[in-house]
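To keep things clear, I will list the structure first and then write my remarks on it.
Computed from a predicted model, the values in this text were never measured in an experiment.
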Amino acid sequence: MLPYTSLMIANRGEIACRIARTARRLGLRTVAVFSDADAAARHVAACDVAIAIGGHTPAESYLRVDAIIDAARSSGAQAIHPGYGFLSENAEFAEHCQRNDLIFVGPPAAAIRAMGSKSAAKTLMERAGVPLTPGYHGDNQDARFLQHEAGRLGYPVLIKASAGGGGRGMRRVDRPADFAAALASCKREAGASFGDERVLVEKYLLRPRHIEIQVFADTHGHCLYLGERDCSVQRRHQKVLEEAPAPGMTTARRAAMGAAAVAAASAVGYVGAGTVEFIVAPSGEFYFMEMNTRLQVEHPVTEMITGLDLVEWQLRVAAAEPLPLTQEQVVLNGHALEARIYAEDPARDFLPSIGRLDYLATPEPSEHVRIDTGVGRGDQISPFYDSMIAKLIVWGANRDQALQRMRAALDLYRIVGVANNVAFLQRLIASPAFSHAELDTALIERESGWLFPAVEPPPRDIWLAAAVATLRRIQTGANGSPWDTSDGWRLGARAQRDLVLRAGAVTMSIGVQYLATGWALTVDDEVVTASCGPGAALDTDFSLMLDGLQRSVTAVHAGGRIHVFMNGRRDVLEHLDPLTTAAATTTGPTGLRAPMPGRVIALFASPGAEVPRGAALLVMEAMKIEHTIVAPSAGTLRSYKVAVGDQVGEGTELVDFVPAPSK
Ligand code: MV4
């Protein structure tokens, strides 16, 4: 039984939900804090009580020490878990908690401070016998002396701002002639960014890996390590994929790195969960980088291979309980991978995407598949905090099985409403380097051809799936008969029609013949028999038969687009519905005029192009809706009469279009 009964979680999102899960299991009363922006957030509902601390940005809310301490006192919380980020490595906050008789679930403030300065930490580590990257990190900042040190190390070398971190203020120097200029530039940046011009010089490690050791210490002098995590797959110093154990790690090297990490923790009188980060050369030589005095985002992969709950350990250690295990009792089993799912757009340099999760489907959690998330369908991705949607963690008996489970789980992670990195993650785990565990910190850069392929139109079956999804949606009639549709169907005509679909800049016209059991679809002069299984026409999930081959499809209609999830892909198409695409009114043989006032926002064909019937020629925006003007027949687009950005009135001539002579 813990000596405290009420825990405040001074954080938000997935980590707050995750901590609440363990705290509740231990019978603690949980107290959430939330900003105005998070009033409807899931972590609020995940706790027994919730205190509004106002504000929107972190500075106005989760970083406000006074508001959080006041909320803890008013709620009767006896302990505070800071999570990660926000105040988790703020020594003043830890001291504030102590001064207010609140248990800070984390390390002593002095340990946080000792590890806060990268250069001071290195000096401490050197004394503790923890291996440092070969180099000079002393007080002599004379340019000539530092250049001499670089020569002694051998090029390439790395000049780093002593007060820097996370890759900021680093300069690689490949030859002596470049050293002086690089040093001056690094000092300027260090002075400007950190208010401290001091630098250090290290041997540059080629193709390094980032391997970190999870350590845990209690208040009785025990300290152990819980294996390692490989976090080499990063983009701009942000971790993307993490795994445990590190591929290729030997028992001997694990023991050596673990001992070094325990020495690092002990050197600062550490208590609680901590991570010692090492940079590792291809030879396996490892060197101290920094120590993080908090629970890491990626801790679940350690939990999956040790079977331990690290938040439970934190809560017990904070209650002065001894560590539940000795080093010999720590057992590592299997392999775990974690993928960080973000609302960001890889096609736009990973720009964060804000919006609502209009549709969200996830793999079924199990003992092998874990989802740590703070959002659900219908929730907003807030512009005020990081854009994490979830962490997807899988376990396998070995790395290949974990890879296979991650592949399957990512395929089932389906999001509509915000741009996201799931397709990127799918390509990443399928990339040759990652699947063969050829890991180093430049993997994403090196595999960029594979990771960012040229945009290709979807394969034929995706077009067909989108066509069937459209037909299911059009068939609003009671019995789904084409005679009951509301799309201007002409009575008495043959039971056939054309569907015009677009994916990116490619438009496809698909002939549709209604059959008793489904449709005969004609695409590129090829006829395919299509039908779908039982189920309501408006269900997003359906089984699709194409020429007798069955596959599962999820098709989500949102924002005027069709999001098709099938065959491990995710594609976005749109139906250029003649009614809503306002096929321009033709005016004689060569003119197409605007069907309504609006603004020209895109031109598609190039003057002189031969285009098929239904080909998108331009898009107008009117009443906040995009209207695609399509070719009323096959023909030649001789020229455009308008340009992008033109505001046009109804009837304005848009293009000089010459229909092909009828056959
Ligand atoms: C290095 C290095 C190569 N040689 N030091 C990047 C930020 C900080 N964690 C240390 N970093 C590096 N230090 C030497 N002597 C390459 C990196 C590095 C890196 C390290 C770990 C994880 C990702 C990284 C991405 C780029 C560069």
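- Atom CZ of Arg348 sits in a sparse spot, with 12 or fewer heavy atoms from other residues, nucleotides or ligands closer than 6.0 Å.
- With sequence neighbours excluded, no residue satisfies ring pair (Phe, Tyr, Trp, His ring centres under 6.0 Å) with Tyr413.
- Residues passing the side chain to side chain contact (heavy atoms under 4.5 Å, CB included) test with Gln238: none are found, sequence neighbours excluded.
- His335 and Glu243 form a side-chain donor-acceptor contact under 3.5 Å, judged by distance and modelled atom types alone.
- To the nearest 0.5 Å, the span separating CG on Leu357 from CZ on Arg377 amounts to 10.0 Å.
- The salt bridge (charged side-chain N to carboxylate O under 4.0 Å, His left out) check on Asp571 picks up Arg569, with sequence neighbours excluded.
- A salt bridge links Lys239 to Glu212: one of the charged nitrogens lies within less than 4.0 Å of a carboxylate oxygen.
- The number of heavy atoms from other shown groups lying within 6.0 Å of CZ (Arg21) is above 12.
- No side-chain heavy atom of Val31 sits under 4.5 Å from any side-chain heavy atom of Cys47.
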Q: Go through the steps to decide whether Ser61 and His56 satisfy the test side chain to side chain contact (heavy atoms under 4.5 Å, CB included), and finish with yes or no.
A: CA-CA 6 Å; Ser61 53; His56 290 79; over 6 Å; no
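- A search for side chain to side chain contact (heavy atoms under 4.5 Å, CB included) contacts involving Ala161 returns Ala190, Phe194, not counting sequence neighbours.
- Between Val130 and Ala263, the closest heavy-atom pair is CG2-CB, 4.3 Å.
- Distance check, rounded to the nearest 0.5 Å: CD1 of Ile68 to CD1 of Ile53 gives 4.5 Å.
- At least one donor-acceptor pair under 3.5 Å links the side chain of Asn100 to the backbone N or O of His96.
- The side-chain heavy atoms of Thr554 and Met566, taken from C-beta on, include no pair separated by under 4.5 Å.
- Between the Ser74 side chain and the Ala71 main chain, a donor and an acceptor come within less than 3.5 Å of each other.
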Q: Start with the C-alpha gap between Asp372 and Arg340, add the side-chain angles, then the distance that decides, and say whether salt bridge (charged side-chain N to carboxylate O under 4.0 Å, His left out) holds.
A: CA-CA 10 Å; Asp372 282 13; Arg340 298 188 186 200; over 6 Å; no
Q | side chain to side chain contact (heavy atoms under 4.5 Å, CB included) evaluation trace for Val564 with Val572 | A | CA-CA 6 Å; Val564 177; Val572 183; over 6 Å; no
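- A donor-acceptor contact shorter than 3.5 Å links the side chain of Gln426 to the backbone of Gly568.
- Considering every non-hydrogen atom in both Ala273 and Leu295, the closest pair reads CB-CD1, 4.3 Å.
- Taking the six-membered ring where tryptophan is involved, the planes of Phe350 and Phe424 are perpendicular, since the angle between them exceeds 60° and thus also 30°.
- Neither side chain, Asp386 nor Tyr342, offers a donor N or O lying under 3.5 Å from an acceptor on the other.
- For Arg316, the salt bridge (charged side-chain N to carboxylate O under 4.0 Å, His left out) partners are Glu312, Glu321, not counting sequence neighbours.
- For the pair Asp411/Phe565, no side-chain contact is recorded, criterion being any heavy-atom separation below 4.5 Å from C-beta on.
- From Met125, atom CE reaches atom CD of Glu290 across 12.0 Å, with rounding to the nearest 0.5 Å.
- Checking side-chain atoms of Gln296 against main-chain N and O of Thr275 turns up no donor-acceptor pair under 3.5 Å.
- Note that CG of Asn333 and CD1 of Ile305 are 8.5 Å apart. Values are rounded to the nearest 0.5 Å.
- No side-chain heavy atom of Gln234 sits under 4.5 Å from any side-chain heavy atom of Ile444.
- At least one side-chain heavy atom of Gln314 sits less than 4.5 Å from a side-chain heavy atom of His81.
- For Thr326, the side chain to side chain contact (heavy atoms under 4.5 Å, CB included) test picks out Glu328, Gln329, with sequence neighbours left out.
- Side-chain atoms of His299 and Arg18 form a donor-acceptor pair, as typed in the model, at a separation below 3.5 Å.
- Not one N or O on the side chain of Glu447 forms a donor-acceptor pair closer than 3.5 Å with the backbone of Leu443.
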Q: Start with the C-alpha distance between Asp38 and Arg12, add both sets of side-chain angles, then the distance that settles salt bridge (charged side-chain N to carboxylate O under 4.0 Å, His left out), and finish with yes or no.
A: CA-CA 8 Å; Asp38 273 342; Arg12 63 178 300 280; 2.6 Å; yes
Q: Could you go through the side chain to side chain contact (heavy atoms under 4.5 Å, CB included) check for Glu574 and Ile562 one step at a time?
A: CA-CA 6 Å; Glu574 56 187 307; Ile562 315 157; 5.7 Å; no
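- Contact of the Leu425 side chain with the Val240 side chain is registered, since non-hydrogen atoms from C-beta on lie closer than 4.5 Å.
- No donor-acceptor pair closer than 3.5 Å links the side chain of Asn292 to the backbone N or O of Arg294.
- Between the side chain of Glu60 and the backbone N or O of Thr57, at least one donor-acceptor pair lies under 3.5 Å.
- Side-chain atoms of Glu89 come within 3.5 Å of backbone N or O of Thr293 as a donor-acceptor pair.
- No salt bridge links Arg356 with Asp379; every basic N to acidic carboxylate O contact stays at or beyond 4.0 Å.
- With salt bridges taken as basic N to acidic carboxylate O contacts below 4.0 Å, none links Asp48 and Arg29.
- With respect to the salt-bridge test (charged N to carboxylate O, under 4.0 angstrom), the residues Glu242 and Arg229 do not qualify.
- With salt bridges taken as basic N to acidic carboxylate O contacts below 4.0 Å, one links Arg113 and Glu95.
- Counting heavy atoms from C-beta on, the side chains of Arg473 and His557 come closer than 4.5 Å.
- Between the side chains of Arg405 and His368, a donor-acceptor pair is found at a separation under 3.5 Å.
- Under the 3.5 Å distance criterion, the side-chain polar atoms of Lys391 are matched with a main-chain donor or acceptor of Val297.
- When every heavy atom of Thr30 is checked against every heavy atom of Ala23, the shortest pair comes out as CG2-CB, 3.5 Å.
- Under the 4.0 Å criterion applied to side-chain N and carboxylate O atoms, Asp349 and Arg235 are assigned as salt-bridge partners.
- Residues Glu344 and Ser353 have side chains not in contact (no heavy-atom distance under 4.5 Å, counting atoms from C-beta outward).
- Expressed to the nearest 0.5 Å, how far OG of Ser88 lies from CZ of Phe104 amounts to 7.0 Å.
- Looking at Tyr4, its side chain does come within 3.5 Å of a backbone N or O of Leu315 through a donor-acceptor pair.
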Q: Using the side chain to side chain contact (heavy atoms under 4.5 Å, CB included) rule, take Asn90 and Ile112 through it: C-alpha gap first, then chi angles, then the decisive distance, then the call.
A: CA-CA 7 Å; Asn90 182 315; Ile112 297 175; over 6 Å; no
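- In this structure, a donor-acceptor pair under 3.5 Å is present between the side chains of Tyr385 and Ser35.
- Taking CD1 from Ile393 and CZ from Arg370, the interatomic distance works out to 5.0 Å, rounded to the nearest 0.5 Å.
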